[in-house]
Amino acid sequence: MVCFRLSSAPGLGFVLFCLVLGVARSYALELNLTDSGKATCLYAKWQMNFTVRYEATNKTYKTVTISDLGTVTYNGSICGDDQNGPKIAVQFGSGFSWMVNFTKVSSLSSYSIDSISFSYNTSNKTTFPDAEDKGIVTVYDFPAIKIPLNVIFRCNSLLTLEKNSVVQHYWDVLVQAFVQNGTVSTKEYLCDKDKTSTTVTPIIHTTAPSPTTKPTPLEKPEIGTYSVNNTNGTCLLATMGLQLNITQDKVASVINIKPNSTEFTGSCHPQTALLRLNSSTIKYLDFVFAVKNENRFYLKEVNVSMYLVNGSVFRIANDNLSYWDAPLGSSYMCNKEQTVSVSGAFQINTFDLRVQPFNVMEGKYSTAQECSLDDDTILIPIIVGAGLSGLIIVIVIAYLIGRRKSYAGYQTL
Ligand SMILES: *[C@@H]1O[C@H](CO)[C@@H](O)[C@H](O)[C@H]1NC(C)=O
Ligand SMILES: *[C@@H]1O[C@H](CO)[C@@H](O)[C@H](O)[C@H]1NC(C)=O
Ligand SMILES: *[C@@H]1O[C@H](CO)[C@@H](O)[C@H](O)[C@H]1NC(C)=O
Ligand SMILES: *[C@@H]1O[C@H](CO)[C@@H](O)[C@H](O)[C@H]1NC(C)=O
Ligand SMILES: *[C@@H]1O[C@H](CO)[C@@H](O)[C@H](O)[C@H]1NC(C)=O
Ligand SMILES: *[C@@H]1O[C@H](CO)[C@@H](O)[C@H](O)[C@H]1NC(C)=O
Ligand SMILES: *[C@@H]1O[C@H](CO)[C@@H](O)[C@H](O)[C@H]1NC(C)=O
Ligand SMILES: *[C@@H]1O[C@H](CO)[C@@H](O)[C@H](O)[C@H]1NC(C)=O
Ligand SMILES: *[C@@H]1O[C@H](CO)[C@@H](O)[C@H](O)[C@H]1NC(C)=O
Ligand SMILES: *[C@@H]1O[C@H](CO)[C@@H](O)[C@H](O)[C@H]1NC(C)=O
Ligand SMILES: *[C@@H]1O[C@H](CO)[C@@H](O)[C@H](O)[C@H]1NC(C)=O
Ligand SMILES: *[C@@H]1O[C@H](CO)[C@@H](O)[C@H](O)[C@H]1NC(C)=O
């Protein structure tokens with residue numbers, strides 16, 4: 001094991017690097033990054049190799065494999081601070097560089113691998129003979145792996161990323177970012193592939209919601225209030241309890257959205273409005289509203305991207321929906337449970353819903369248009385909704401009732 005200590009940028013203090021030279025043709029990389037107080041802030045050990053395909057001068061393609069990394073330096077690796085997340089930067093061989101950065105998911109108990117980038121320099125004639133284009137090429141990957149805080153992520157299985165003309169292989173990965181109190185955890189969080197390939201029970205101590213392992217919580221979700229402002233004040237209002245129903249491999253997982261750990265943003269335009277929710281597990285959940293016939297609004301589109309516990313991302317989009325339809329200048333209301341079916345695999349159950357995506361005045365809801373499910377007094381919305389023609393019917397009914405005197409009330413409908 002070769003260890004060397006070097007001084008990094010001023011203010012970052014001392015950084016200690018340990019590099020373990022591995023066996024055979026592959027090198028295990030190891031980084032024990034410490035902060036100014038010499039406490040470990042990030043620990044990683046892993047193996048990787050690359051295959052790069054490039055265009056040669058005579059219009060043919062060549063491949064090079066990079067498995068012997070040669071001399072490795074870790075310049076640019078940082079613990080991170082309030083502005084920047086932690087980062088592992090590695091330089092090796094003839095002008096290769098590799099970088100991964102981590103982001104803490106707002107307010108919560110997990111973090112994710114934000115991006116992995118790999119750069120190579122096709123100018124080197126020894127490594128890339130007869131390369132048509134010479135210069136630095138960088139490929140980015142966004143693996144969206146989510147890891148709970150205070151546990152070490154382990155993945156001995158082979159992970160393959162394929163982007164453009166580069167194939168990246170990773171294996172024997174151990175990583176913990178955002179190490180607290182300088183102590184690398186002994187609790188492991190296994191990647192999905194390891195879970196299925198070993199019989200060892202994974203030690204998962206995660207408080208992160210885990211759609212694939214959690215038993216179905218069938219209690220009603222809490223009601224949240226969400227709003228969007230523009231320069232004129234509040235322009236979109238929504239109050240609702242949300243329950244997501246994800247079906248994967250014929251197994252439905254039901255997740256209640258917790259309003260107090262959910263952030264929201266959005267935008268308002270004359271013809272469309274957006275409400276976007278996000279949390280530790282929900283990368284985004286977008287509700288897009290549109291105007292039709294210049295006098296009504298409706299929920300036109302739902303886009304979702306969620307992290308599942310196995311590190312994979314669940315993504316669904318449907319821009320051809322037609323829910324929550326009401327006249328412009330009013331709000332849409334539905335107290336009973338309603339289902340927005342985004343796809344066969346993704347449904348949203350709503351509770352005590354009230355939404356107004358356009359023409360919000362003084363931050364308050366306008367008159368509500370109720371859904372037909374709230375039908376305890378079904379006559380009232382029908383009559384109100386039917387407007388003038390309804391009034392005529394009522395007059396006719398009243399006339400008939402008047403004529404038949406003994407007949408009781410609404411039964412005629
Ligand atoms: C990392 O470095 C610190 C400080 O030198 C040391 O105390 C710690 O044991 C190291 N951790 C690992 C996992 O090598
Ligand atoms: C392209 O060049 C390589 C050597 O640089 C040669 O092996 C290959 O046969 C050439 N291909 C064609 C189609 O000329
Ligand atoms: C990269 O490593 C994997 C796993 O050890 C191995 O299967 C693969 O053949 C290697 N690829 C190259 C190009 O060395
Ligand atoms: C990395 O840092 C070391 C020591 O500061 C320096 O000698 C080396 O040239 C740097 N390497 C790169 C690729 O910047
Ligand atoms: C090109 O790569 C070879 C092999 O990695 C290396 O020995 C050589 O120094 C590199 N040339 C330049 C100009 O960087
Ligand atoms: C991570 O790196 C990517 C690509 O270099 C960059 O776009 C992104 O902003 C970085 N994220 C963080 C949190 O620094
Ligand atoms: C790419 O490699 C060539 C030759 O090895 C070198 O002259 C050039 O400076 C390198 N480019 C960069 C941006 O490092
Ligand atoms: C770090 O130390 C603080 C204070 O001693 C303690 O409350 C916290 O639980 C520790 N965190 C971990 C992950 O050990
Ligand atoms: C704000 O209100 C003014 C006056 O009602 C209107 O002209 C303007 O378009 C509004 N701005 C936005 C962003 O809605
Ligand atoms: C939106 O504007 C209202 C007043 O119009 C204000 O009370 C509220 O705090 C604002 N919300 C945000 C998120 O800025
Ligand atoms: C979730 O979706 C599945 C499949 O569409 C359905 O069978 C199940 O009843 C739904 N559960 C809830 C609570 O909505
Ligand atoms: C969120 O709400 C729950 C239950 O209502 C409460 O126990 C918890 O403290 C709240 N969390 C925050 C961050 O407000």
Side-chain angles (χ1 to χ4, degrees), residues 1-2 4 6 8-9 17 19-31 44-58 60-78 87-101 113 115-143 145 152-175 188-200 310-312:
M1 183 156 92
V2 184
F4 46 101
L6 55 96
S8 65
F17 297 128
L19 168 65
V20 174
L21 299 178
V23 286
R25 298 179 61 243
S26 57
Y27 287 77
L29 296 104
E30 188 178 28
L31 175 63
K45 188 172 170 179
W46 74 104
Q47 305 211 54
M48 60 184 179
N49 67 25
F50 304 86
T51 305
V52 178
R53 205 168 94 102
Y54 67 98
E55 195 181 346
T57 40
N58 58 5
T60 55
Y61 285 88
K62 291 189 172 178
T63 30
V64 290
T65 59
I66 304 115
S67 51
D68 180 344
L69 306 185
T71 310
V72 179
T73 55
Y74 297 86
N75 298 5
S77 301
I78 53 167
K87 189 157 84 180
I88 302 175
V90 179
Q91 303 83 37
F92 54 89
S94 50
F96 296 100
S97 65
W98 181 89
M99 202 184 87
V100 57
N101 59 10
I113 296 178
S115 77
I116 292 179
S117 64
F118 172 64
S119 301
Y120 52 97
N121 183 350
T122 55
S123 305
N124 186 314
K125 289 194 186 67
T126 321
T127 320
F128 296 97
D130 311 314
E132 172 74 31
D133 299 312
K134 292 181 169 52
I136 304 276
V137 182
T138 305
V139 291
Y140 294 94
D141 247 291
F142 302 92
I145 294 176
I152 190 160
F153 174 80
R154 176 190 286 280
C155 200
N156 291 336
S157 308
L158 188 66
L159 294 171
T160 305
L161 299 177
E162 229 174 311
K163 200 66 187 272
N164 306 331
S165 41
V166 179
V167 181
Q168 311 176 28
H169 291 293
Y170 299 93
W171 69 100
D172 291 349
V173 176
L174 264 178
V175 62
E188 291 185 349
Y189 176 80
L190 295 189
C191 64
D192 223 39
K193 272 190 163 176
D194 278 12
K195 279 180 210 161
T196 52
S197 64
T198 61
T199 51
V200 179
N310 60 11
S312 69

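Read the numbers this way: they start at 1 and go in the same order the structure lists the ligands and their atoms.
Under the 3.5 Å distance criterion, with hydrogens and angles disregarded, no donor-acceptor pair is assigned to the side chains of Thr57 and Asp130.
Distances below 4.0 Å separate heavy atoms of Thr65 from the following atoms of ligand 3: 13 (C). Atom numbering of ligand 3 starts at 1 in the shown order; those under 4.0 Å from a heavy atom of Ser67 are 14 (O). Close approach to Ile136 involves these atoms of ligand 7, each under 4.0 Å from a residue heavy atom: 12 (C), 13 (C). Heavy-atom contacts of Thr51 reach the following atoms of ligand 3: 13 (C) (cutoff under 4.0 Å). Atoms of ligand 3 found under 4.0 Å from any heavy atom of Leu158, numbered from 1 in the order shown, are 4 (C).
Tyr189 and Phe153 have tilted rings, their planes meeting at an angle from 30° to 60° on a 0 to 90° scale. Between Phe96 and Phe92, the ring planes are parallel. Angles under 30° get that label, and only those over 60° would be called perpendicular.
Annotation: Asn49 places an N or O atom under 3.5 Å from an N or O atom of ligand 3; distance criterion only.
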Item to check | Tyr170 vs Leu161, side chain to side chain contact (heavy atoms under 4.5 Å, CB included): CA-CA, chis, key distance, verdict | outcome: CA-CA 8 Å; Tyr170 299 93; Leu161 299 177; 3.9 Å; yes
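Using a 4.5 Å cut-off on side-chain heavy atoms (C-beta onward), Trp98 and Gln168 make contact. Side-chain contact between Phe128 and Val64 is present, with heavy atoms from C-beta onward closer than 4.5 Å.
Not less than 6.0 angstrom separates the ring centroid of Tyr120 from the ring centroid of Phe50.
Within a 6.0 Å sphere centred on NZ of Lys125, other residues, nucleotides and ligands contribute 12 heavy atoms or fewer.
The side chain to side chain donor-acceptor pair (under 3.5 Å) search around Tyr54 returns none, not counting sequence neighbours.
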So what's ligand 5 close to, N/O to N/O, under 3.5 Å?
| residue | atom | partner | partner atom | Å |
| --- | --- | --- | --- | --- |
| ligand 5 | 2 (O) | Asn124 | OD1 | 3.1 |
| ligand 5 | 2 (O) | Asn124 | ND2 | 2.3 |
| ligand 5 | 2 (O) | Thr127 | OG1 | 3.4 |
| ligand 5 | 5 (O) | Ser94 | OG | 3.4 |
| ligand 5 | 11 (N) | Asn124 | ND2 | 2.9 |

